[in-house]
Structure formats: C-alpha cells, structure tokens
Amino acid sequence: MIRTPQLTYSTGSVTGTFKLEKIVTDANAKTVERVTLYISKTRFADSQTNIATTNLAGSAIADLNNVSLSVTVPTLIPSQNYVFASIGVKFSGVDDMIFAPVKKLTF
C-alpha cells in the first residue's frame, strides 16, 4: 500500500514522496516490481493518459519508509497552469497497479 503520499510542484518539476507498506508478508507476498510517478493534463493520471512519468525499480528502493520520485513537467500545449499527479506501485506477478489518490498541482 502507498502511505502518506505527498505530491508537490516546484520549479518545473513534480515530486512524489511516500512510504510503501507490505500488507501480505507470508509465503504469498509479492515483491515490488516498480513504482511510477505519473503526471497528466487531466484527472486520469495513469499509463494511458500521462504527459510524463518516471519509474523506480523495486530493487532500487533502499527504504520502504522513504521513497521519492521526481519528473520534469513538459511544455503544455495548450497552455495551462496545473497538472494532475499520482503514484502507482506494481507488484511482481500482479497485472494491476495500486494508485495513490490523484492530486491537482497548480503553478
């Protein structure tokens, strides 16, 4: 699960910081394949509608209590002074991702 997601905009980029919590810890537990920060021009911030993303492999996560990702906001055409952002986590062997709530970031 994604815990305490914080999404912020500063000087042309969006940063997402959060904690990851493994709910299943027995023999059925899945490893984190990757986490992804999505930004979009619409409330649908996912792999289909994003305008920019960044990924972090699960094997590169050193501390589940302190995960951070940043992505540069591209030039928006037509121009708008906001983007929507969300964080997704993908587990190995599971088709769907788990997402944090989408947040509108105004700049």
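Model, not experiment: these values are computed from the prediction.
Contact check for Ile39 versus Pro74: side-chain heavy atoms found under the 4.5 Å cut-off. The shortest side-chain heavy-atom distance between Lys104 and Phe84 falls under the 4.5 Å cut-off. Under the 4.5 Å side-chain criterion, counting only non-hydrogen atoms from C-beta, Val83 is in contact with Leu76. Here the side chains of Asn81 and Thr106 are in contact, with some heavy-atom distance below 4.5 Å. Within the 4.5 Å cutoff, the side chain of Gln48 has no heavy atoms near those of the Ser40 side chain. Inter-residue side-chain proximity for Ile2 and Leu20 is flagged as met; some heavy-atom pair is nearer than 4.5 Å. Side chains of Glu33 and Met97 form no contact here, defined as non-hydrogen atoms less than 4.5 Å apart.
In the displayed structure, Ile77 atom CD1 is contacted under 6.0 Å by at most 12 heavy atoms of other residues, nucleotides or ligands. Around atom CG of Asp95, no more than 12 heavy atoms belonging to other residues, nucleotides or ligands sit under 6.0 Å away.
Here Thr15 pairs with Ser70 under the side-chain hydrogen bond (donor to acceptor under 3.5 Å, both in side chains) rule; sequence neighbours left out. With sequence neighbours excluded, the residues forming a side-chain hydrogen bond (donor to acceptor under 3.5 Å, both in side chains) with Asp46 are Thr49, listed by chain and number. Take Tyr9 and apply the ring pair (Phe, Tyr, Trp, His ring centres under 6.0 Å) test, not counting sequence neighbours, and it matches Phe107.
Test Leu69, Leu37, Val102 against Leu7 for side-chain contact (heavy atoms from CB on, under 4.5 Å) and you get one pass: Leu37.
Under the 4.5 Å side-chain heavy-atom criterion for ILVMFWY residues, no single connected hydrophobic cluster contains both Tyr82 and Val73. Both Val14 and Phe18 are part of a single hydrophobic cluster, where members link through side-chain heavy atoms under 4.5 Å apart.
Minimum interatomic distance between Pro101 and Ser86 (heavy atoms only, all atoms of both residues): O-OG, 4.0 Å. The heavy-atom pair separating Asp63 from Val67 by the smallest distance is O-CG2, 3.6 Å.
Residues Thr31 and Ser92 have side chains that bring a donor and an acceptor to within less than 3.5 angstrom of each other.
With rounding to the nearest 0.5 angstrom, the CZ atom of Arg34 is 11.5 Å from the CG atom of Leu56. Interatomic distance, Met1 CE to Arg3 CZ, rounded to the nearest 0.5 Å: 5.0 Å. Taken from OG1 in Thr4 to CD in Glu21, the straight-line distance is 10.0 Å, to the nearest 0.5 Å. One finds the OG1 atom of Thr72 at 11.5 Å from the CD1 atom of Ile51 (value rounded to the nearest 0.5 Å).
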Please walk me through it: do Ile87 and Phe99 pass side-chain contact (heavy atoms from CB on, under 4.5 Å)?
CA-CA 6 Å; Ile87 300 161; Phe99 287 91; over 6 Å; no

